[in-house]
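What follows is a short report on a single structure.
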Amino acid sequence: MQNVAFWLSESGRAWGDREALVTEEQTLTYRQLEVASNRFASQCTAWGIQNGERIAIYISNSSEAVVSILGSLKQGAVFTCIHPETPHVKAAEMIADAQASLVISSANFLYGLKVPSVRLMLHTDKPLREEGAYMPNGCNAILMSFHSWLSAGDPSDPVQPPPRELAALIYTSGSTGKPKGVMSSHANIRFTTEAINRYLKHTPEDRVLSYLPLSFDYGLYQLFLTLSRGACLHLRNANRFMVMDVHKQLSNVQITGFPGLRTLFSNVTGFNGEKYSHIRYLTNTGDYLPEKVIQRLVERFPNAALFLMYGVTECKRVSYLLFNSRDSHKNSIGIPLNNTEAIILDEGGNECPSGKAGELTVWGDHVCMGYWRDEARTAEVFIQQGNRRGIRTGDLFCKDADGFLYYLGRKDNMFKSKGFRIDPFEIENVLSSRIDDIADIVVTGIPDRHAGYKIGAFVVLKEDSDELVFRKRVRSVAEETLEPWKQPDRYVIGKGVPLTHSGKIDRKEAARQMGGIEG
Amino acid sequence: MDKEMEIQVSIQEAIINLIGKSVNEQVDWNDPELFAKLDIDSATMIEFLLYLEEKLDISIRVEDMAPEDFINMRTLTECLLRLES
């Protein structure tokens with residue numbers, strides 16, 4: 001399979017002087033992006049970063065992040081983006097799990113990083129005194145300025161590396177709290193990019209505004225979707241002022257596409273304001289959009305086609321619903337992508353007839369290679385039948401007679417909060433293993449109009465534990481060890497975990513006691 | 001209570017209720033880094049603004065606000081008075 005970066009370069013060559021990327025700091029044309037990624041790849045060769053080695057990118061949405069992604073691919077290396085708000089301890093675990101050779105991050109983080117596989121660290125801060133020197137902490141890695149390192153690279157086209165399957169590791173929630181890397185191949189990325197572009201129909205006239213982090217597959221694919229069609233990606237970071245920034249960007253720039261999560265669309269439409277008639281499409285995935293938000297989006301974006309989509313990281317995208325099918329297929333999340341099979345299986349492994357609920361399995365060239373260094377979990381979730389590759393999604397679905405899919409819930413206790421998939425066991429495990437005061441803990445979703453679900457932790461403390469001390473400690477441990485979107489929003493202390501009549505943990509009752517009833 | 005005072009009381013309530021500052025904590029409402037020190041993410045910011053909208057019975061147009069309005073009590077009060085007029 002052709003290397004994704006070379007595939008993008010081929011299509012990008014025609015767009016040389018057109019804008020490819022607009023970040024908060026700078027604008028790069030297709031030619032400038034090409035040269036920068038060539039420099040990155042040639043420097044990897046010069047510094048001994050070989051085909052297949054892992055490169056960790058732990059910075060905010062920026063041109064440095066994009067150049068690192070494209071340069072890694074061009075080198076034949078495997079990139080992994082880590083959300084910039086991930087706590088340092090957790091980021092170091094991911095870097096160790098990926099066995100990364102090169103890490104791009106802030107100097108502040110890199111100073112304290114001790115991962116044996118790391119040989120080179122590139123900081124994106126201002127120049128430091130220690131550049132080029134071995135790190136004093138004995139980890140044998142060299143710390144350099146990203147920009148100095150990049151500028152020494154060869155701008156000419158590198159030789160295409162021998163074909164390798166693996167292109168990226170995308171880390172997602174794992175119940176043990178251990179990082180779970182989804183292995184995405186060059187073929188997966190290209191298949192998915194082309195399949196999504198079949199319905200989004202990007203052209204060189206498009207400008208897409210994205211606040212989605214590159215560590216999130218929905219954010220990462222905005223890059224591939226735009227660059228493969230000569231469009232321009234306006235890449236920005238979500239922060240506390242995002243709601244104001246969104247309006248400025250939508251007003252000032254001729255944006256045509258606007259992908260977002262439920263929280264973003266809830267925020268954008270939460271206040272009265274301008275109409276954005278130049279937007280031709282909106283996309284949403286990660287969580288369902290409440291009808292009220294949809295109505296407001298239709299009012300504020302009168303000419304936009306709204307695509308409601310569904311996917312899981314392990315195969316990126318499964319289905320999409322054209323807005324004009326909403327009335328005839330209410331509450332559906334649409335039809336499968338081109339060349340994708342979505343088959344609903346009963347507990348015996350037989351295909352369910354229309355209208356009957358079962359687990360959704362997805363088949364196609366976008367189904368990823370498995371979980372990084374976790375063969376047991378890979379065998380549990382992925383299915384190989386000859387040349388066909390499938391995945392068990394763990395989501396309960398049914399299909400109507402027209403082939404439209406309907407999401408019914410999870411087989412397990414996962415839920416979505418702010419667009420992120422939350423595994424309650426991960427949070428329970430992380431907190432209970434680090435805080436001795438916890439006798440029992442149940443984490444569950446509390447319905448919320450903006451986030452879909454907020455995260456609640458119902459805690460039973462050991463005897464003699466001090467509640468005030470615990471509350472202070474638990475927040476501090478959560479901040480140190482869990483990404484911001486996994487940190488519980490509410491802690492409720494109870495005398496005993498709610499149980500069902502059969503003695504199982506009653507998560508619905510726990511949610512009710514924390515201020516809401518799980519829907 | 002005049003409008004300026006009403007806005008200031010509402011901002012204080014919003015910070016205490018939504019951002020979790022305890023009333024017992026010493027808060028310098030005109031600290032030039034008041035909002036920078038508060039741990040507000042984008043979702044909390046929305047809740048904060050919606051709270052003010054409801055409490056003050058005004059319509060906030062976020063297009064007319066800027067990060068510079070979120071420095072401290074004084075800057076936000078001035079902004080809300082401006083939006084109201």
Side-chain angles (χ1 to χ4, degrees), chain A residues 24 83-85 211-213 236-252 260-276 287 293 300 417-420 448-455 468 471-472 475-476 478-479 483-485 487 489-491, chain B residues 7 10-11 14-26 31-73 75-85:
Chain A
E24 288 159 22
H83 194 292
E85 289 180 26
Y211 290 83
L212 302 159
R236 301 188 71 79
N237 289 286
N239 61 31
R240 67 173 71 170
F241 300 119
M242 184 169 71
V243 66
M244 288 157 233
D245 192 60
V246 167
H247 287 288
K248 285 197 174 67
Q249 295 302 314
L250 290 176
S251 305
N252 298 341
L261 296 168
R262 171 185 167 146
T263 38
L264 175 67
F265 287 143
S266 242
N267 295 349
V268 171
T269 57
F271 303 92
N272 294 324
E274 289 173 27
K275 287 190 174 182
Y276 304 107
D287 206 347
V293 174
R300 300 288 292 279
S417 177
K418 298 171 189 167
F420 291 95
D448 178 80
R449 63 176 170 158
H450 295 299
Y453 284 97
K454 282 198 166 180
I455 303 173
L468 283 176
R471 284 189 179 278
K472 215 166 194 176
R475 289 199 182 274
S476 140
E479 280 170 18
E483 293 91 329
W485 56 92
Q487 294 169 17
D489 300 285
R490 196 175 300 171
Y491 293 91
Chain B
I7 288 174
S10 299
I11 293 171
I15 289 176
I16 289 163
N17 292 339
L18 299 172
I19 304 167
K21 275 277 172 195
S22 161
V23 279
N24 296 324
E25 283 181 50
Q26 286 291 321
D31 181 342
E33 292 186 346
L34 174 66
F35 278 94
K37 286 176 183 169
L38 296 171
D39 188 19
I40 310 180
D41 61 13
S42 58
T44 312
M45 176 65 90
I46 300 302
E47 287 182 35
F48 179 73
L49 293 174
L50 288 171
Y51 184 97
L52 292 175
E53 233 187 12
E54 194 181 325
K55 193 82 187 168
L56 297 167
D57 195 22
I58 57 173
S59 178
I60 291 179
R61 279 175 55 91
V62 287
E63 295 94 320
D64 299 332
M65 301 183 96
E68 298 75 57
D69 295 320
F70 292 86
I71 294 172
N72 56 24
M73 173 77 82
T75 59
L76 187 55
T77 303
E78 284 171 4
C79 167
L80 293 173
L81 283 169
R82 188 181 72 231
L83 291 183
E84 213 202 7
S85 64

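On a predicted model such as this, the values are computed, not experimentally measured, just so you know. Just so we're on the same page: letters track the sequence lines, and every chain starts at 1.
With a 4.5 angstrom heavy-atom cutoff, A:N267 touches chain B via backbone and side-chain atoms both. If you measure heavy-atom distances from A:E274 to chain B, the contacts under 4.5 Å come from both the backbone and the side chain.
Legend: residues meeting side-chain hydrogen bond (donor to acceptor under 3.5 Å, both in side chains) with B:K55, ordered by chain and number and at least two apart, are B:E13. Partners of A:H83 by side-chain hydrogen bond (donor to acceptor under 3.5 Å, both in side chains), not counting sequence neighbours: none found.
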Requested in this report: For A:H247 and B:D64, run side chain to side chain contact (heavy atoms under 4.5 Å, CB included): C-alpha distance rounded to whole Å, both residues' side-chain angles, the deciding distance at 0.1 Å, then the answer.
Outcome: CA-CA 9 Å; A:H247 287 288; B:D64 299 332; over 6 Å; no
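By the 6.0 Å contact criterion, CD on B:E54 is open, its count of non-hydrogen atoms from other residues, nucleotides or ligands being 12 or less.
Here B:E63 does not pair with A:K275 in a salt bridge; the nearest charged N to carboxylate O distance is not below 4.0 Å.
The ring pair (Phe, Tyr, Trp, His ring centres under 6.0 Å) test with A:F241 singles out one residue from B:F70, B:F48, B:F35, and that residue is B:F70.
Looking at A:K248 and B:V62, their side chains never come closer than 4.5 Å, going by heavy atoms from C-beta outward.
In this structure, the separation between CZ on A:R240 and CD1 on B:I46 is 13.0 Å, given to the nearest 0.5 Å.
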